[in-house]
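Read the numbers this way: they start at 1 and go in the same order the structure lists the ligands and their atoms.
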Amino acid sequence: MIADQFDCIIRNGSIIDGSGQDPLRHDLAIQGDRIAQIGDLDGATATVEIDATGLRVAPGFIDIHTHSDISLTYHPGQASAIAMGVTTQVVGNCGLALGHANGSAVFEFEKRWLAPHGARIRWSSYSEFLDVVEAAGAATNIVPLAGHGTLRKRIMGIEDREPTAAELDAMQAEVADAMRAGCWGLSSGLEYPPSAYADTTELTELCRAMKEAGGFYATHLRSEGDALVEAVQEAIDVAEAAGVPLQLSHHKAEGQTNWGKVETTLAMADAARGRGMDVQTDQYPYAAFMTALSIQVLPRWALAGAVEETAAKLADPSVRARIAAEMRQTHPDWDDLSAGSFWDNIQIGVCRGRPKIQGCTIAALAREAGVPPIEYVLELLAGVEGYVSAVNFAMGAPDIARVMRYPWTSIGSDGVGTHPGGAGGADRIHPRAYGTFPRVLGHYVRELGVLSEAEAVHKMTGLPAARLGLRDRGLLRPGAHADITIYDPATIADRATFDEPHQYAAGIRAVLVNGRVALENEQPKGALHGRVLRKTRERVNS
Ligand SMILES: [Zn+2]
């Protein structure tokens, strides 16, 4: 029986259904929060009519890699995400998952991120965290992951050692607890303390703790540069031993001497797939990464303990000399200040303690100060109040295209949902938070032809939905949730740049989350139509 009255009809659009198939001209009708019909709906009427003539109608984009659990409690509107067409965000990546944090002193770092926004930790378990997020509302759907770094911090502090048997038990219990709360998998961030202090055995045991709940293991590898191949091997070993699916997060090769290694790592993923493992990757479409400056330059041992302890080490002349000596020995090129050298490719990102140096390269700052760059960096980290991040232009264009073309690569921003105003509006963040999905469709599809448009949309929708096991999202089908992004294929583009990151994308014409409009003509409405998706309560693919 054909209903002729709907809540919403999107007319005359080219439907890209998310499966990888080419666009087809159709109307699409929504009833409640679901897609009711796709076809010729000339005789039907609706309360809301959207004219999509000349536009694409795609499933809402699923951002498989974000850190938006950081901002959800103080910015539920997630404007940057909605403005780039994202309707579902996976949170808790790179081992950092706020749901494991509690109010104790060891989580000072998390408080530093929350406090400037008037937020604080008001939960003591992952389940309570999800309740807090749900109560605040969210613009996008939220898919939570357990995070190894934060849960290790909860159980063991920031200590560079193996867990005792009791601590390992407690960490396994915390993983199981997070899965019961509704998490979809476990992430690790093996370049970040304290996740970095875990060995392969510990990671395997923790993956085993989520296996029964059907979770996958997403890992920020131990190295994305010199030891990339070894790090991918470790990730495959862990997932294979535990018998869980593997997601290689924001896959790339950092540093010119490592460019091309992704050919090897993707072949390793294929070989593992060939013997029955489920290995996939994700990627953000930029040549620069961004993370804490301390993580990029300091030896791992110098990062143990609270942030204050690292500052104290840098303030102690003998310890600082030891750190500098180790940096020089490991990286003989780090004293080079010529154009195109290591420090020439690194610029200060967020630095609220010294906002004037944001955007300057470390090479330029060291030259101006008349000191060797290693000394400059250590002096900066010892003296500045608060978080310092750095943008590092370390990836090669051919590698970006190679990873993007890999059939099992989804698109994920690695961003934190934000908006142009407020306490974060002046922060020099990575433009990926605003630009990732439009940049793939504009720059990589339309301008460079790296992917077809239908392939690209699949990597933003059907593919990540299948990876997660989200059954009723990621494809435009009758009965699916009405998460929909409507864009203009001729004009879609990222506007956010490294110099001016807080800019909404061009060409996103409408976004619907669970059947309701969240954006019109590039402007997010601030509506909170998203849901916290708990794996335990969703219909999932088995
Ligand atoms: Zn990461």
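Remark: Trp259 engages Gln256, Asp399 in a side-chain contact (heavy atoms from CB on, under 4.5 Å) (not counting sequence neighbours).
For the residue pair Gln89/Thr140, the side-chain donor-acceptor check at 3.5 Å is satisfied. Counting only N and O atoms by type, the side chains of His250 and Glu224 include a donor and acceptor under 3.5 Å apart.
The minimum heavy-atom distance linking Lys211 with Ala242 is given by the pair CD-O, 3.2 Å.
The distance between the ring centers of Tyr406 and His251 does not fall below 6.0 angstrom.
Shown are the protein N/O/S atoms under 2.8 Å from the Zn ion (ligand 1), given by residue and atom: Cys94 SG, His220 ND1, His250 NE2.
Ionic pairing of Asp282 and Lys459 is not present here: no N-O contact between side-chain nitrogen and carboxylate oxygen is shorter than 4.0 angstrom.
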